There are 2 protein chains.
Amino acid sequence: MADKRYPGGMTLPAADWLRLDQQICFSLNAASRAFGGVYRVILKDLGLTYPQYLVMLVLWEHGELPVKKLGEHLRLDSGTLSPLLKRLEAAGLVRRERSARDERSVQVRLTEEGTALRERAVEVPRRIATATGFDLAELQDLRSRLERLTTALDGADLTETAGRD
Amino acid sequence: MADKRYPGGMTLPAADWLRLDQQICFSLNAASRAFGGVYRVILKDLGLTYPQYLVMLVLWEHGELPVKKLGEHLRLDSGTLSPLLKRLEAAGLVRRERSARDERSVQVRLTEEGTALRERAVEVPRRIATATGFDLAELQDLRSRLERLTTALDGADLTETAGRD
DNA sequence: CGCCATTTAGTTGTGCACAACTTAGTTGTG
DNA sequence: CACAACTAAGTTGTGCACAACTAAATGGCG
């Protein structure tokens with residue numbers, strides 16, 4: 001119980017694992033929130049929150065989409081998207097309408113105003129990138145590591161439940 | 001406006017920046033939430049949420065702390081911590097008491113139950129690390145990159161406001 | 001001492017994430 | 001066709017993040 005074998009072949013005392021774990025999960029969490037803070041300031045001009053901006057990015061790239069597809073792109077479910085989209089609609093940036101072909105589905109499409117907002121958003125990424133202090137290669141590298149991490153976490157087998165064997 | 005110089009000396013069309021930006025901010029966000037999902041499952045046994053676990057980690061490492069110091073460690077303010085600590089107190093894991101020396105300050109300390117929970121928590125980090133599929137060196141490296149990122153973002157000068165130059 | 005700026009927690013309100021559930025529409029099968 | 005299984009979106013409830021604010025205590029400074 002004191003030491004644990006690990007993929008890299010290295011071992012650490014369990015007490016140190018607690019500290020390391022704290023550092024890693026915390027850094028990720030902190031970086032994510034720091035990012036959110038920077039976006040919050042920069043997006044204020046556009047009247048968007050960070051998650052709303054992500055939705056708009058997807059719509060600018062893919063055009064009209066059903067809520068379901070939007071959720072797949074963003075890894076979000078209708079519980080999060082429904083109220084968010086309602087706010088975007090209230091802001092006049094998107095419209096939601098039931099698909100005629102499949103009445104279960106709701107198509108989300110940009111309004112003229114929503115499409116126009118893209119012009120004002122094109123400068124956001126550069127400002128964000130500058131704020132990170134990272135160069136392009138580093139950002140790309142970080143992105144690929146994070147995607148690998150997310151894939152691993154999503155596919156992780158967590159059945160090794162506490163007490164049982 | 002089409003191309004932007006960038007620290008690394010590389011350039012990209014603005015439209016591609018929008019896509020890249022989407023990828024990077026989104027991967028960080030997604031990784032953070034994927035982490036949260038894994039923690040949620042693993043911490044269920046301990047009756048903790050992920051932010052509550054972070055608070056417990058700090059308390060296990062540093063012992064009794066005022067809310068203010070706790071917030072500095074976790075990059076959180078009282079608006080988040082106050083209700084969270086109230087829930088931890090309701091769960092019997094911590095106690096909060098006004099400092100006698102400075103009555104503005106509230107000391108947060110572990111109860112016996114809270115201290116004892118550490119024994120059951122020591123296996124969490126290993127399970128998390130395994131779920132990431134990363135080896136120790138990669139995790140350390142990722143952590144240091146994320147910390148550098150957070151520092152840069154926190155210190156970023158965002159005064160380059162929209163319209164002006 | 002009296003007064004005011006500062007500091008520390010806490011409260012309120014908004015928005016997001018997510019589990020669990022509801023509602024309505026669709027599809028497959030006998 | 002009837003009916004069960006499934007699917008899409010929305011709703012409800014809990015908890016977190018954060019801005020803006022309030023309340024109370026502290027610490028200077030004239």
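Proteins come first, then strands; the chains are lettered A, B, ... in the order of their sequence lines, and each starts at number 1. This structure is a prediction, so every number in the text was calculated from the model and none was measured.
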- Partner set under side-chain hydrogen bond (donor to acceptor under 3.5 Å, both in side chains) for R75(A), not counting sequence neighbours: D154(A)
- Query: How does DNA chain C read in dot-bracket, base by base from 5' to 3', with Watson-Crick or G-U pairs under 3.5 Å and | used when the partner is on another strand?
  - Reply: ||||||||||||||||||||||||||||||
- Look at all strands and tell whether P83(A) reaches a base, only sugar-phosphate, or nothing, counting heavy atoms closer than 4.0 Å. nothing
- Message: If I take atom CG in residue L65(B) and atom C1' in nucleotide dT8(C), what distance separates them, rounded to the nearest angstrom?
- Response: 15 Å
- Residues in salt bridge (charged side-chain N to carboxylate O under 4.0 Å, His left out) contact with R40(A), at least two apart in sequence or another chain: none
- Query: Taking only residues two or more places apart in sequence or in another chain, which ones pass side chain to side chain contact (heavy atoms under 4.5 Å, CB included) with V106(A)?
  - Reply: V67(A), R96(A), R98(A)
Show me the protein contacts with nucleotides 23-29 of chain D, counting only N or O atoms at under 3.5 Å.
{"residue": "dT26(D)", "atom": "OP1", "partner": "E103(B)", "partner atom": "N", "Å": "3.4"}

- Message: Can you build the contact string for nucleotides 17-23 of chain C? Use B for base contact, S for sugar-phosphate-only contact, and - for no protein heavy atom under 4.0 Å.
- Response: BBS----
- Query: Considering residues at least two apart in sequence or located in another chain, which fulfil the side chain to side chain contact (heavy atoms under 4.5 Å, CB included) criterion with S78(A)?
  - Reply: S82(A)
- For E138(A), side-chain hydrogen bond (donor to acceptor under 3.5 Å, both in side chains) partners two or more places apart: R148(B)
- Note on the structure: To the nearest angstrom, the CG-P distance between L81(B) and dG15(D) comes to 16 Å
- Mind checking what makes side-chain hydrogen bond (donor to acceptor under 3.5 Å, both in side chains) contact with E64(A), not counting sequence neighbours? R109(A)
- Note on the structure: Contacts of D141(B) meeting salt bridge (charged side-chain N to carboxylate O under 4.0 Å, His left out) (sequence neighbours excluded), chain-then-number -> R145(A), R145(B)
- Message: Whole angstroms only, please: what is the CD-P distance between Q107(A) and dG10(D)?
- Response: 12 Å
- Note on the structure: Residue set satisfying salt bridge (charged side-chain N to carboxylate O under 4.0 Å, His left out) with K69(B), at least two apart, ordered chain then number -> E72(B)
- salt bridge (charged side-chain N to carboxylate O under 4.0 Å, His left out) with K86(A): which residues, sequence neighbours excluded? none
